[in-house]
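Chain letters run A, B, ... following the sequence lines, proteins first, then strands; residues in each count from 1.
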Protein chains: 2
Amino acid sequence: MYSGGMPTSLLSLLGDLVSVNQRLTRLAARATGSSESPAVWRTLSVLNSGGPMRLGELAELSRVAQPTATKLVSNLTERGWVNRLADPDDARASQIAVTTAGADALIAWRDELAGAMLPLFADLHTDDVAVLRRAVEIIGQRADAAADLAPGAPVTAPPEGQS
Amino acid sequence: MYSGGMPTSLLSLLGDLVSVNQRLTRLAARATGSSESPAVWRTLSVLNSGGPMRLGELAELSRVAQPTATKLVSNLTERGWVNRLADPDDARASQIAVTTAGADALIAWRDELAGAMLPLFADLHTDDVAVLRRAVEIIGQRADAAADLAPGAPVTAPPEGQS
DNA sequence: CACTATACATAGCCGGGCTATGTAAATTAA
DNA sequence: TTAATTTACATAGCCCGGCTATGTATAGTG
């Protein structure tokens, strides 16, 4: 059994976490004058931190379906923020990489966003800053680790014991 | 002046916060089998915690444009999760209230979501749980306080210095 | 060489986000 | 009281992001 900890309150904490998360999402969406959608930045961010990767990998890391990734990459390509390099080993795939312009745009957006939100957080005590920093770290870790979390129940092939 | 604290790192922290937030959003979206969109739960959540309110107020608290709120409320009304009560004092408006079914659905979703995410967070140390709890508190406060944060630059009425 | 599996593209739907604009009620002014 | 304005919401209509279903071409396999 699990020693210590209070599952019930942890459960409600997770609910609260997602709720406040949704509010922050809307706040961030409106904080900047940026007309680009969150998906654009999220995708760029994944590519930027993960390095060049194939479309399927991007979809998985971004936690979107493959056709969604295709759309997003098309969008980003048109903007010149990513480009697609042929994969010499596999003609079906291509490596998707952030361009310099893309990286710059990402930085600019993050700066603008952070600047817009700064007034709200400017009065934080040092401890609270540390709390947020640690929270970001924790959530980031879990998000990384969740490679397998319900990526969509396999509709076409239910996990029946078979064959 | 502000004593202590490092603005630069606070800025990047805010950027990181939003980034990890976006990832968590996608994670949460896929964690449950719920086919309802985040917007549905966010709206229900606002109404549930804020009590019955007018549509404009809901739009403001939800940080969406008024027509978006109209759509969401229509959607929720069809599902029987909210209803609209005529405002005796103002025939143009109506009070929007969560129904019992709506409140139940919200609770069920939160439980399901938290349950799905629990495995990822089950091994958290007590301190880290406290960190997350405090982080949720902090962000919630700031989100509440941000009533005025760039709700969309007033296109029709630029902030001319007057009165 | 046929067959299956994989990687991605395409088609097409739905919902959420927005702006622009219409409409009716409330408010204010004349 | 009536006309003008302001307010609160509805409607129209667009775009984008999310999905499933399906097509197509290349890789891999018997």
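The heavy-atom pair separating B/Ala143 from B/Arg63 by the smallest distance is O-NH2, 3.0 Å. Heavy-atom minimum distance, A/Leu58 versus A/Thr43: CD2-CG2, 3.9 Å.
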Protein and nucleotides 9-11 of chain C: nitrogen or oxygen contacts under 3.5 angstrom:
{"from": "C/dA9", "atom 1": "OP1", "to": "A/Arg84", "atom 2": "NH1", "distance (Å)": "3.1"}
{"from": "C/dA9", "atom 1": "OP1", "to": "A/Arg84", "atom 2": "NH2", "distance (Å)": "2.9"}
{"from": "C/dA9", "atom 1": "OP2", "to": "A/Thr70", "atom 2": "OG1", "distance (Å)": "2.9"}
{"from": "C/dA9", "atom 1": "N7", "to": "A/Gln66", "atom 2": "NE2", "distance (Å)": "2.6"}
{"from": "C/dA9", "atom 1": "N6", "to": "A/Gln66", "atom 2": "OE1", "distance (Å)": "3.1"}

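By the rule that hydrophobic residues join a cluster once side-chain heavy atoms approach within less than 4.5 Å of another member, B/Ile139 and B/Val18 end up as members of one cluster.
Going from atom CD of B/Glu57 over to atom P of D/dA8 covers 11 Å, rounded to whole Å. As rounded to whole Å, 16 Å separates atom C1' of D/dA8 from atom CE of B/Met53. Distance, A/Leu72 CG to C/dC8 C1': 15 Å, rounded to whole Å. Protein atom CG of A/Asp87 is 12 Å distant from nucleotide atom C1' of D/dT26, rounded to whole Å. Taking atom CD on A/Gln22 and atom C1' on C/dG17, their separation rounds to 15 Å, with Å as the unit. The CG-C1' distance, from B/Asp89 to D/dC9, rounds to 17 Å in whole Å. Separating the CZ atom of B/Arg63 from the P atom of C/dC18 is a distance of 12 Å, rounded to the nearest angstrom. Taking atom CG of A/Leu58 as the reference point, atom C1' of C/dC8 lies 13 Å away to the nearest angstrom.
Between the side chains of A/Gln66 and A/Thr70, a donor-acceptor pair is found at a separation under 3.5 Å. No hydrogens or angles considered: a donor-acceptor pair under 3.5 Å links the side chains of B/Arg110 and A/Ser19.
Candidate nucleotides D/dA27, C/dG17, D/dC19 were compared by shortest atom distance to the side chain of B/Arg26, and D/dC19 ranks first. Closest to the B/Arg92 side chain, of the nucleotides C/dA24, C/dG17, D/dA27, is C/dA24.
A side-chain contact (heavy atoms from CB on, under 4.5 Å) with B/Gln95 is found for one member of B/Leu55, B/Asn83, B/Asp87 and no other, namely B/Asp87.
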Are A/Arg134 and B/Asp127 close enough, and set up right, to give a salt bridge (Lys or Arg N to Asp or Glu O under 4.0 Å), and what steps lead you there? CA-CA 10 Å; A/Arg134 175 66 183 144; B/Asp127 343 7; over 6 Å; no
Might you work through the salt bridge (Lys or Arg N to Asp or Glu O under 4.0 Å) test for B/Arg23 and A/Asp144, ending with a clear yes or no? CA-CA 9 Å; B/Arg23 298 178 61 195; A/Asp144 285 338; 2.4 Å; yes
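Along DNA chain D, the nucleotide nearest A/Pro88 and the nucleotide nearest A/Thr68 are compared for position; the residue whose nucleotide lies closer to the 5' end is A/Thr68.
Annotation: proximity of residues 35-48 of chain A to DNA chain D (heavy atom, distance under 4.0 Å) is found for A/Ser37, A/Ala39, A/Val40, A/Arg42, numbered in ascending order.
Heavy atoms of B/Ala65 sit under 4.0 angstrom from at least one base atom.
The side-chain heavy atoms of B/Leu106 and B/Val98, taken from C-beta on, include no pair separated by under 4.5 Å.
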